[in-house]
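Report on the structure given below.
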Amino acid sequence: MFSEVAPNSPLLQNLNPEQLAAVTLPATHALILAGAGSGKTRVLTTRIAWLLQTGQVSPGGILAVTFTNKAAKEMLARLSAMLPVNVRGMWIGTFHGLCNRFLRAHYKLANLPQSFQILDTQDQLSAIKRLCKQFNVDDERFPPKQLAWFIAACKEDGQRAKDVPVRDEEGRKKVEIYALYEEQCQREGVVDFGELMLRSYELLRDNAAVREHYQRRFRHILIDEFQDTNKLQYAWIKMLAGQGPDAAQGASAMPGGSVVAVGDDDQSIYAFRGARVGNMTDFVREFDVTHQIKLERNYRSFGNILDSANELISHNSKRLGKNLRTEAGPGEPVRVYESTSDFAEAQWFVDEVKQLVRDGSARKDIALLYRSNAQSRVMETALFNAGVPYRVYGGLRFFERAEIKHALAYLRLLENPHDDTSFMRVVNFPPRGIGARSIEQLQDIARASGCSLHDGVSAVTGKAGANLGAFVAKLDVLREQTSGLTLREIIELVLQHSGLEEHYKTEKEGQDRLENLAELVNAAESFVSQEGFGRDAVAMPVDELGAGPNSTLTQSPASQGLDPATLLDEPLPELLVPDRDTGETLSPLVAFLTHAALESGDNQAQAGQDAVQLMTVHSSKGLEFDCVFIAGLEEGLFPHENSMSDQGGLEEERRLMYVAITRARKRLYLSHSQTRMLHGQTRYNLKSRFFDELPEAALKWITPRNQGFASGLGTSAGGWNGASNSGAGGGRGDWASSVFASKSGSAERFASPPVPPQRNAPSHGLKSGMEVFHAKFGEGKVLMLEGSGDDARAQINFTRHGVKWLALSVAKLTVV
DNA sequence: TGGGGGCTCGTTTTT
DNA sequence: CGAGCCCCCA
């Protein structure tokens, strides 16, 4: 065991036995099931540090993959804090970042221009729209969004257009468009996110020399958030690890490195975008994984919170199996609140936050989580009115803002005039009299002669030709003027001469945009200095890539406390890729543009302030807060109605809830509302079934009884009163003592195990289709019925008042 | 050409 | 209800 090499290494101190085992695993394939808050990132980084320190591998032999830039950065930061090692030689980054690095190094073999640009989702969509227009695709039958999704899904599955099975005419057309889109991207020298992955994979698959080089190089492959990998990413890893299609052939297979996959099947919440939890079991089977370690000790939350998470997730059937435990004691109960309306819920939330802040909590340690973005509005309004600083995550990020995208488009055209997506974006921005007709004319010419829009301009005649010519001339002049300038100077010049700056100066809402453009200059400046062209994958000199494992150590091994004898410093076999001979480096501009595409930047609104954090449950993954509020826990919202049709969907919702619960360190609040404004209509929601899946003993119901709907519900039918309180609390009428079950009530507490609320046996005698009369809303027709007993509700289409949901225990209805 | 009015649609998202 | 999109009109 290598662990004997450095048994007393300070690195290994304070690790629990499972963590220690994971850190010091032998060089085999292993799966680490890392529960929420179990110190996963620490284990990953410590393992890398330990491997380096014990001389089992040199930095060049490490490949560590994450999903987000944030995770990659954190890993690098922790690592350089642990070891005085140059992180340059290691390949640590996101899947896409590493694929980009790989493709830049082998751009010729990948059949790409060295300065290829990356299309983000917006760019990809506009490229598809342009394509559809050009080929007269009916955008009713084939919405560009759907095509974009289709193409991305194909690529995630590793399928080129020719590989996609065609079943019907519609499928054939989609595949045809996919093929045309690929052609267009290739012609324009751009790649989308999926293409970064797919083309890297194909290059590894098809080029034995390249494949074997990297298989030999990467002795240790570590993957974070493995449950989120898609099919292609898993195939890519298999290829790099020498477990690809040719592995079984024996003789020709190169010895691949060890793969340590870290993940948590209970936190798999991205199936909707192609993630395959099944990769975890596939991995165990296909790599003959013999070492599996569970990290179940949680260092984040108190017992009641963990009990809730454990109990909830135990309702899922497809699990690898894992139970979080803590030594921190039970802590406070999980507080549950039921409100009458979404407004009331928001008001309660704000009041509670104010109280927490008065009691000494920092606002930034308080988070509000919700299932869908639309829920933030009412909460924001309440916070705003109360003057509580808050920050909403999600939304447009820095490099996605229109003015930034415009500036980047000019910059991209300097590097690559054939980037038609960028050309289209700014050909008439700021407005310079080039309208749809001129552009159509140009597109026709370009298509006819198979050239880029830029090259087609010279053939356009008349006034349109003159205007277009002036635009292209301006670009050409800019290109000349900026050659040899620093990145900062290039951007400043472009902002001035493109007319962007002038345009936003005169626009009345332009001040913010001008500030953002100024920020772009800053971003470029700090990219050049801080990222230092090496820490960041994109800017690495090409000749460093693929070099031997020690070539990137800046200090001698001995000076780093490494034992030279144990370093794997034999030179790697020559790799016959032309780019290595040239020693060319990427221009700072290309590097910066790549950085902008791969790292869309923070949404910097109110950053840095001590503000309450608002976000969806999805974007809360990986974060933790002292106090967490999960709001809108209602059937249809959470679990979301669109996910409830199948078992898999419901289980993913449950995992989502599990993620949400496990964000909390000290205090957790759950809330649901009886009514909610949705799509401009008041909806009457049942409380989420997830309440029925939580341990009663860990909960504390804090809703006053009988507050109900007596206070009035505006246009509603009078709504609920306390007695119909969703059956939410037993012990009705006694809320001062207020520690009781969230569901069945004290009378049934010792009865049978939790039973889902009955959803049959209506007692009201209504049926859908019946004509009814309501004192306030008049005549209507029953559309739908839900629930039973006190929870029974009917959806009724009133002739005069439209569709409404009514609580039958309250609404006075008579059958006509 | 571009702004405004009318229309539709409405989970979750990173790269 | 409100955001984003498209089309039409000035």
Side-chain angles (χ1 to χ4, degrees), chain A residues 65-72 93-100 118-125 129 139-140 143-145 149 152 155-156 191-198 200 224-225 228-230 232-233 268-275 342 369-378 381 393-397 399-400 402 428-439 464 467 507 537-538 594-601 603 615-622 632 636-645 649 652-653 655-657 659-660 676-683 802:
Chain A
V65 204
T66 64
F67 269 87
T68 64
N69 291 301
K70 201 175 155 197
T94 63
F95 277 101
H96 294 87
L98 295 176
C99 286
N100 169 65
I118 299 164
L119 299 184
D120 67 14
T121 321
Q122 286 177 45
D123 298 331
Q124 188 194 25
L125 189 64
K129 280 182 182 164
D139 59 0
E140 300 273 286
K145 271 229 179 75
W149 179 84
K155 290 188 178 182
E156 274 166 10
V191 299
D192 60 34
F193 288 128
E195 189 69 24
L196 283 172
M197 282 299 318
L198 183 52
S200 302
D224 194 15
E225 305 279 15
D228 289 339
T229 50
N230 62 36
L232 179 58
Q233 285 158 340
S268 159
I269 56 175
Y270 286 113
F272 72 92
R273 67 173 199 216
D342 48 347
L369 311 184
Y370 35 80
R371 175 64 178 82
S372 68
N373 287 303
Q375 287 169 255
S376 77
R377 173 164 245 101
V378 63
T381 308
Y393 282 74
L396 269 199
R397 274 145 341 149
F399 288 112
E400 293 167 354
N428 195 39
F429 195 93
R432 49 175 70 90
I434 299 173
R437 283 187 44 167
S438 311
I439 290 168
N467 285 342
E507 201 181 58
V538 298
T594 306
H595 167 79
L598 285 180
E599 192 164 346
S600 27
N603 85 335
M615 67 194 83
T616 62
V617 179
H618 280 94
S619 39
S620 76
K621 193 172 153 202
L637 245 192
F638 199 178
H640 197 275
E641 52 194 344
N642 296 1
S643 310
M644 288 195 296
S645 48
E652 181 146 320
E653 294 290 302
R655 291 192 293 269
L656 204 45
M657 181 66 184
V659 167
R676 180 174 299 276
M677 202 61 154
L678 197 67
H679 305 333
Q681 275 200 332
T682 302
R683 297 257 312 232

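In what follows, chains are A, B, ... by sequence order, proteins preceding strands, each numbered from 1.
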* Would you say the side-chain atoms of A:Glu653 pair up with the backbone N or O of A:Ser643, donor to acceptor, closer than 3.5 Å? -> no

* Asked: How is A:Ile439 classified with respect to the nucleic acid when contacts are heavy atoms under 4.0 Å: base, sugar-phosphate, or nothing?
  -> nothing

* Structure fact -> Atom CD1 of A:Ile118 and atom C1' of B:dT14 are separated, to the nearest Å, by 14 Å

* Using the C1' atoms only, state how far B:dT12 lies from C:dC5, rounded to an integer number of Å. => 23 Å

* How long is the line joining CG of A:Leu232 and C1' of B:dT14, in whole Å? -> 15 Å

* Across the strands shown, which category fits A:Ala436 at heavy-atom distances under 4.0 angstrom: base, sugar-phosphate, nothing? -> sugar-phosphate

* Asked: If you take atom types as modelled and just measure distance, does the side chain of A:Thr121 reach the base of B:dT15 with a donor-acceptor pair under 3.5 Å?
  -> yes

* To do: Give a yes or no answer on whether the side chain of A:His96 reaches the backbone of A:Leu598 with a donor-acceptor pair at less than 3.5 Å.
  => no

* In whole angstrom, what separates A:Arg371's CZ from B:dT12's P? -> 7 Å

* **Among B:dT14, B:dT11, B:dT12, the nucleotide that comes nearest once only the side chain of A:Arg273 is considered** => B:dT14

* **5' precedence on DNA chain B between A:Ser372 and A:Ser438 (nearest-nucleotide basis)** => A:Ser438

* Distance, rounded to the nearest Å, where A:Asn642 contributes CG and B:dT12 contributes P -> 10 Å

* Rounding to a whole Å, what distance do you find between A:Met197:CE and B:dT14:C1'? -> 13 Å

* Heavy-atom side-chain proximity of A:Leu637 to A:Gln375 below 4.5 angstrom -> yes

* To do: Please list, chain by chain and in numerical order, all residues satisfying side-chain contact (heavy atoms from CB on, under 4.5 Å) with A:Asn230, sequence neighbours excluded.
  => A:Glu156, A:Leu232, A:Gln233

* To do: Can you tell me the distance, in whole Å, between the NE2 atom of A:His640 and the C1' atom of B:dT11?
  => 4 Å

* Asked: How is A:Asn69 classified with respect to the nucleic acid when contacts are heavy atoms under 4.0 Å: base, sugar-phosphate, or nothing?
  -> sugar-phosphate

* Is there side-chain contact between A:Met677 and A:Arg683, with at least one heavy-atom pair below 4.5 Å? -> no

* Side chain of A:Thr68: nearest nucleotide among B:dT13, B:dT14, B:dT11? -> B:dT14

* Given atom CG of A:Asn100 and atom C1' of B:dT15, what is their separation to the nearest angstrom? -> 11 Å

* Structure fact -> B/S/- along nucleotides 1-7 of chain C (protein heavy atoms under 4.0 Å) is BSS----

* Asked: Looking for any heavy atom pair under 4.0 Å, which part of the strands does A:Gly194 touch: base, sugar-phosphate only, or nothing?
  -> nothing

* To do: Under 4.0 Å between any heavy atoms, over every strand shown, what does A:Asn373 touch: base, sugar-phosphate, or nothing? Just pick one.
  => sugar-phosphate

* Mind checking A:Tyr270 for me? I need base, sugar-phosphate or nothing, with any heavy atom below 4.0 Å counting as a touch. => sugar-phosphate

* Asked: How is A:Phe67 classified with respect to the nucleic acid when contacts are heavy atoms under 4.0 Å: base, sugar-phosphate, or nothing?
  -> sugar-phosphate

* Given A:Glu400 and A:Gln122, is the side chain to side chain contact (heavy atoms under 4.5 Å, CB included) satisfied, shown in steps? -> CA-CA 8 Å; A:Glu400 293 167 354; A:Gln122 286 177 45; 3.6 Å; yes

* Candidate pair A:Asp120 and A:Arg397, rule salt bridge (charged side-chain N to carboxylate O under 4.0 Å, His left out), full reasoning -> CA-CA 12 Å; A:Asp120 67 14; A:Arg397 274 145 341 149; over 6 Å; no

* Asked: When the distance from NZ of A:Lys70 to P of B:dT15 is rounded to whole Å, what number comes out?
  -> 10 Å

* To do: For the residue pair A:Thr616 and A:Tyr370, establish whether any side-chain heavy-atom pair is separated by less than 4.5 Å.
  => yes

